[in-house]
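Worksheet: the structure to be examined is printed underneath.
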Amino acid sequence: MAEDRLPAPLSADEIKILTEELEGLARLTARLKRASAVANWIDGWDVRL
Amino acid sequence: MSGAIESLHQQYVNGTASPVAQAEQHLAAAASLGRDLNAFTAVLGETALAEAEASYQRYRQERPLSALDGVPISVKDLMHVRNTVTGAGSYAYPAVKQSRDANIIKKLHRAGAVIIGKTNLLEFAFGLVHPEVGPAQNPWDRDLTIGGSSSGSAAAVAAGIGYGSIGTDTAGSIRNPAALGGVAGYKPTYGHYSAEGLIPLSPSLDHIGWLARSAADLVTLYEALGGRPPLQQKRPRIAYLDLGYTQPEVKALVDARVNQMAREVEVAESFAFDWELSNAAAITIISAEAHAVHRELLTERWSGYSAGTRVRLLAGAGISAADYMRALQIRATLKKEWRRLTKDADFVLLPTLPGVAGSEEEALVEDLSAATLYTSTFALLGLPTVSIPAGLNSQGRPAGLQIAGNWGQDAEVLAFAALVESRSEPMPKPPYYAGLY
């Protein structure tokens, strides 16, 4: 889809930041995955606050 | 425990002060010291003076709209004010004059507030300074960061320009700069103020709230915008926590504030909570939602963003729908867990931040997840939370004490924060201070 295209090629610095950011987010989502694996939540998707 | 705003309101009622003179003084301070500190992105002289004149007439007719009538305040440049450009701390948002006011601005007008200007912020409230906008400076020491994202609001209030400032808080963006700037900050229960007309960062976690020089002023601001008075509490029950990363000097300052309340509170048992998990859920939700919010603007106005912000916004695309749903579910589970852990406590107290302000360079290398560890949980769970000053460390840098309450107990949290404040030595004024009150 057009809106998902990158508007310009990323610079080397930007690729470095992006890589670090993605690694950081991956660590966080892995942390969430570990917590949900313990609780076995597959049968209860209650997301209400 | 009345604060500076209540005192000013009484002077207006008695005729010993005038909203027009106040507006003139605060507009001049915003245009001089406020600009020097890079706290303001716009000073709204013409409209503020018209609002002040209308306020003066209401007081003459003995019909003020609220205790906020005629009081100079500022607003973070992330919400729309009619006939002004919303800058959002960026060059990416279209620079067109807005045709309408955000809901919170309408509320301020209904209360008679005089809006003197719009305040600087981290770009789109997402944690980084756009280099061409520049950081707001800390009135305690201009070489120190004042955090963010409501950085200009904290700098303005700390410098005594305006009596309050509207900020936003998604993971700590009111409480963090309030603590680093030595002022008070209030993040309400989620949804207390409508976010209509606010440029969102993460709609599930965005909160609109206040910064002011004292908790007593926060109480006045809260009630002037329709907040209810607190229910009487005979002896508040508190739980005092430390997350284990707090600098010793900050811990000593916060300990002292808590200990001086010993005879007036019951101390509930401290408890363990998975702050890292909570923070991970908050950042996952914020990153995913911020990407969704900015996706189209990123493609249209890529070069208007700073490199750091646009790449961080782009990174949110790396979060899958499954990870996002998992974060939402963890939030719901943590909410239940928090209710269980705090069933014997009216208020939870902890440091607002583990440390004090450092240099801008130090702030740049700070990891978002470390910066938000102490504050994000209360945004994630939507709980009312106030940060009040806890004094100065040996280098003269402010620390903050955070007080969180149960859902909807905003009035009680604010009243308790004002009580704690009233038992403490008053904060000194920072070196850069307008000297108007």
Handout entry: Flag side-chain contact, heavy atom, 4.5 Å: B:Ile319 against A:Leu28
Key = no
Exercise for the section: Check whether any side-chain heavy atom of A:Leu18 lies under 4.5 Å from a side-chain heavy atom of B:Arg310, and answer yes or no. Expected result: no
Distance (rounded to the nearest 0.5 Å) between [X] [atom1] and [Y] [atom2]:
| X | Y | atom1 | atom2 | value |
| --- | --- | --- | --- | --- |
| A:Arg31 | B:Asp274 | CZ | CG | 4.5 Å |
| A:Ile17 | B:Thr309 | CD1 | OG1 | 9.5 Å |
| A:Leu25 | B:Ile283 | CG | CD1 | 8.5 Å |

Practice task
Please report the shortest heavy-atom distance between A:Leu22 and B:Ala315, naming the atom on each side.
Solution key: CD2-O, 3.5 Å
Problem - Neighbour count >12 (heavy atoms, 6.0 Å) for atom OH, B:Tyr245 - result: no
Fill in the blank from the handout: So, the part of B:Leu277 with a heavy atom under 4.5 Å from chain A: the answer is both
Practice task
Apply the test side-chain contact (heavy atoms from CB on, under 4.5 Å) to residues B:Val311 and A:Asp13: give CA-CA distance (whole Å), side-chain angles for both, the deciding distance (0.1 Å), then the verdict.
Solution key: CA-CA 10 Å; B:Val311 171; A:Asp13 277 353; over 6 Å; no
Handout entry: ring pair (Phe, Tyr, Trp, His ring centres under 6.0 Å) involving B:His294 - partner list, sequence neighbours excluded
Key = B:Phe124, B:Tyr305
Practice task
Show your reasoning for whether side-chain contact (heavy atoms from CB on, under 4.5 Å) applies to A:Leu32 and B:Asp323.
Solution key: CA-CA 8 Å; A:Leu32 302 182; B:Asp323 288 335; 5.8 Å; no
